[in-house]
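Below is one structure, written out as C-alpha cells; comments come after it.
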Amino acid sequence: MKPSPRFRLGRLLGVPLSILTLAGQGGAVVIDGQRDASGYTERAVQAFGSGAWGAGNVLANLHTAQEGANLSVFIGGRANGNAILIFIDSRSGGNPFIPSNLITSGGEEWTINNFGSSSSAGMTFETGFAPDYAVRIWGDGTAAYVNRYNFATGTRSYAGECGNGAISNSDFIAAAKASWEDASAPYADVTKGLELKLSLTALGVPTGSGQPVKLMVMLVNGGSDWGSNQVLAPNNTGSDLTNGMRAFNFETEPGAQTVSLTVDNTDTDGDGTPDSSDTDDDNDGLDDSVETNTGSFVSDTGTGTNPLIADTDSDGYQDGAEAAGTTPLGFISDPNKATYASMAAPGSYTTPPWQADGSAGGSMTRAGTALIDQDQWILTHNFRATGGIDYKFAANGTWDRNWGDNGSNVAAIIEGTGFHTITFDSATLGRTFARTSFADATAFLTAYGLADDPDGDADGDTISNTAEFAANTDPTGIDTDGDGDPDDTDPTPLHTVRDIVFSVNMTAQIAMGGFDPQTDAVVVDFFQGITGSQPDLVLSDADNDGIWTGTLTAFRGPAASTGTYKFKNTRSGAPSNGYEGSIPDRVLGLSGQSPQELATVFFNNVISYSAWATGRIGGEAANLDHDGDGVPNGVEFFMGTSPDEFTASPQPVGGTVAWPRDPSAGAKFRVMQSADLANWTDVTASATVTSTQVSYTLPSAEAKMFVRLEVTTN
C-alpha cells in the first residue's frame, strides 16, 4: 500500500520553567503500563485532544515519581503506527538543536536525524532545554518497540519490545512497559499508556539533592519527519508542526512545553557510602578507577565501562564478571556490548514456525569466543521450497531481546531450493542472507548428505551430484528454481527470470480531461513484496492508441511470489498525487513463463463509453437512446443506469435536481441552465459534485428556468 497521509506534531516552546521538587515521594511504582494509584505526581495534561490522529494516537498526561536512584515516568495515551519521543535533559551540556547527523551509529539513525536538514541546521529547542538523551517508542497494536539515544556519543541502541512483556535493565532504561488503549477526554483520567523507570546514574544526573531534570514528550509519525499537535506539556496554541520540523525554532513560540523537576541522587548503589567516597559506586566488582567510561574494553584494568552502572551493556552479566571471564558464558566478554548466551533466527520457514529458542531449526552458531567475533552468529539452513519468508533474530531463547527490520520482520526471497546462510552481528545489528557458497565439492556433498555417492545422481536430472557443486544447484531437486525447466536445460537454474509487460488504458482519463498524452506520462510504482525494491517503470504509447505499455525486463523471482503496485499519472496536481487512489493496490503474481503479459486495465478502473456500450448495447452511439426512455445512452452511462430499461429523468425536489453518477464512468459533464430553451448558460461551477452524484439548485427568484445535464464521452 502507499504510505498513509502524514500527520502533525505538536511544538516545544522556549520560556522560563518552574522547578518542581520530586524527591522522596511515597508509594512504590510498578512498571506495568498503568498509572499507579499512589506515588505519581501529575506534571502535564493534554488540553487540545488528538486532532487528526484520532483516539488511537494521543498523549493524554504526564506523571513522574522517584524511587531511590530511579525516576519513573508515566505517559497516558497511545501510539498506534506512530511513535512517542521523550527528550531528557539530565546533565550539563546537551544539544540545543538536532542536526541531520546527530546520531552516527547503532542503526536507524534517521529516527532522530530526520529532525535535521543538514549538519548545521535542524530543529531548535527552547532556551534552557538541551537534551542529553532520548527514548523513542514505536507502537503498533499491542507492540511497543523501544530505542534509546545518547546524544553525546551519537549512538542509537535497541532496548526491546515492551508491549507484550516488560523489558528491564537496558542502559538508562531500568524498566519499561506499555499497555496501549485508545484515549479520549478527560485526558487527566487516562490511566493506561507507557511507563518507564529511568536510571538517574545512567542518565548522568549529578549526585546530590535538588538535581534538575527536564522532560519533553511529543508524538511523531514512524519516519520522524511529520508530527501532530500532541505535546506534553501542552502547546498553548494547539497548532501543528506538520513537516516543518527541520527548520522549526521553538524559541519563537509562546508558552512552555518542557516539564522541569528536581531529584535526589546522592548514593548510586544504595550501599550507604556516598558516591564521592565510594570506590565502587555501582557494586559491580570493578574499582571505579578502571571503569574508564570510554565504551572501549582494553582489559580488566581499563574496561571502558560506566562506573555508575553495574551492567553497562544491559546483557544480564555484571561488568566485573564479564571482564574477568567468570560469567556463565565461560569466556571474557566485552562489558560495553551486550553478549548473549544464544541466538536464533526464528521465522515462517521452520516447522513449527517462530520458535524463539531456535528449536525448530533456527538456532544460530557463535562464530568464536574472542572479543572480535563473539557477537557474530551464523545459521546455514536447507530451504525446501521457493518463495518469500519472514524471520527475526532472538537472543537467549526468548522474545525479550529481538531484532527485525525497523520493528517489522526481516523479509527474504528463496529463489531456489537448497542451502542458504544467515549471519547476524548482535553488536552492530549487521545481517546478511545469501545462498551458501561451499569451499569445495566435499563440503557441498556432505551438507546435502551425499558424501558417499559423489558420482551418483540423487535427483535424476542427468547432472551428477559432484557436477551440481559447480553451479551450486540443489542435487536433491530436479528443478532448483521451480520454474518448470529442469536444471540440466535451464540457462539460469538458480533463479527464474521473465519479462513482465504492463499496460494501462488511458482513454477514459483523456476523455475526462485528467490526462494529456502530449505532456503527461504514466509510470508503474512498486510498493511491497517481491517488487518492493523495484524502481518505477516508465510506460509509453508508441502507437498513439491511448494504451500505455512498458516491460520490466529480466525480473528475478520464484513463481507464485507476489508484489503490489499501482499506475501513476505524472500530471502536476493530479488527484491522489497521481496514484489510482480509489482502488486497492494491484497485486502482481509472478509466473514461470516469459514474457508474462498482464491484462490491460483502465487507469483507476475507470471504463470508457466504448467498452461499456460494446458490452451492453452492441456498441450503439452515445447520442442514441437504446431503450427509448428519453435518456440518451451517454447519460445512462454517466448515471450508471440501465440502457435496456426505462429510466426517468431526474426531477426538481425542493428546487434541486440531482443526477446519480457512476464513479467508474469515464466521461466529462456540464450542468446547463436556460430560461427559454434556446440560450443555455454553463452553471457547472455552481453545482454540487461528488463521486456518486451531481446536483444543482435552481435560482429561487426566477419564475421559469430549465436545467439539463450534458455528458461527453470518449
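Only this structure's heavy atoms are used, side chains among them; waters, hydrogens and symmetry mates stay out.
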(message) So for atom CG, which belongs to Asp440, do other residues, nucleotides or ligands contribute more than 12 heavy atoms lying within a distance under 6.0 Å?
(response)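 Count over threshold, so yes.
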
How many angstroms lie between [atom1] in [X] and [atom2] in [Y], if you round to the nearest 0.5 Å?
{"X": "Ile422", "Y": "Met364", "atom1": "CD1", "atom2": "CE", "answer": "6.0 Å"}
{"X": "Glu415", "Y": "Thr492", "atom1": "CD", "atom2": "OG1", "answer": "9.5 Å"}
{"X": "Asn113", "Y": "Ser118", "atom1": "CG", "atom2": "OG", "answer": "11.5 Å"}
{"X": "Arg156", "Y": "Leu429", "atom1": "CZ", "atom2": "CG", "answer": "6.0 Å"}
{"X": "Leu329", "Y": "Gln374", "atom1": "CG", "atom2": "CD", "answer": "8.0 Å"}
{"X": "Glu322", "Y": "Asp334", "atom1": "CD", "atom2": "CG", "answer": "7.5 Å"}

Might you point out which heavy atoms bring [X] and [Y] nearest each other, and give the distance in Å?
{"X": "Gly563", "Y": "Thr531", "value": "CA-OG1, 3.5 Å"}
{"X": "Ser224", "Y": "Arg136", "value": "OG-NE, 3.8 Å"}
{"X": "Ala356", "Y": "Ala344", "value": "O-CB, 3.5 Å"}
{"X": "Pro99", "Y": "Ser119", "value": "CB-O, 3.6 Å"}

(message) Is the ring pair Trp354/Trp399 parallel, tilted or perpendicular, if the boundaries are 30 and 60 degrees?
(response)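 Taking Trp399 first and then Trp354, their aromatic rings sit tilted (interplane angle of 30° to 60°).
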
(request) Fit a plane to each ring of Phe424 and Trp403, take the angle between them on a 0 to 90° scale, and name the class: parallel (under 30°), tilted (30 to 60°) or perpendicular (over 60°). (result)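 Geometry flag for Trp403 against Phe424: tilted rings.
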
(request) Evaluate side-chain hydrogen bond (donor to acceptor under 3.5 Å, both in side chains) for Thr421 paired with Thr436, printing each intermediate quantity in order. (result) CA-CA 5 Å; Thr421 298; Thr436 305; 2.8 Å; yes

Ring centres under 6.0 Å, that's the criterion: do [X] and [Y] meet it?
{"X": "Phe129", "Y": "Phe87", "value": "no"}
{"X": "Tyr448", "Y": "Phe419", "value": "yes"}
{"X": "Phe383", "Y": "Tyr349", "value": "yes"}

(message) side chain to side chain contact (heavy atoms under 4.5 Å, CB included) for Leu85 and Ile112? Distances and angles first, verdict last.
(response) CA-CA 9 Å; Leu85 269 171; Ile112 288 294; 4.0 Å; yes

(request) Answer yes when Asp405 and Arg431 have at least one side-chain N-carboxylate O distance shorter than 4.0 Å, and no when they do not. (result)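 Arg431 and Asp405: salt-bridged.
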
(message) Distance alone, cut at 3.5 Å: any donor-acceptor contact between the side chains of Thr423 and Thr432?
(response)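 Short answer, yes.
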
(request) Apply side chain to side chain contact (heavy atoms under 4.5 Å, CB included) to Tyr145 and Tyr158, showing your working. (result) CA-CA 8 Å; Tyr145 300 94; Tyr158 179 61; 3.2 Å; yes

(message) I need the single residue from Asp487, Thr473, Thr496 that forms a side-chain hydrogen bond (donor to acceptor under 3.5 Å, both in side chains) with Thr480. Which is it?
(response)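 Single pass found, and it is Asp487.
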
(request) Start with the C-alpha gap between Leu102 and Phe115, add the side-chain angles, then the distance that decides, and say whether side chain to side chain contact (heavy atoms under 4.5 Å, CB included) holds. (result) CA-CA 10 Å; Leu102 179 60; Phe115 284 94; over 6 Å; no

(request) Assess whether side-chain hydrogen bond (donor to acceptor under 3.5 Å, both in side chains) is satisfied between Asn306 and Thr312, documenting all intermediate values. (result) CA-CA 6 Å; Asn306 191 324; Thr312 298; over 6 Å; no

(message) One pair to check against side chain to side chain contact (heavy atoms under 4.5 Å, CB included): Arg401 and Ser426. What are the steps and the verdict?
(response) CA-CA 10 Å; Arg401 296 285 184 92; Ser426 58; over 6 Å; no

(request) For the pair Asp474 and Arg384, evaluate salt bridge (charged side-chain N to carboxylate O under 4.0 Å, His left out) and give the outcome as yes or no after the intermediate values. (result) CA-CA 10 Å; Asp474 184 353; Arg384 301 315 308 158; 2.8 Å; yes

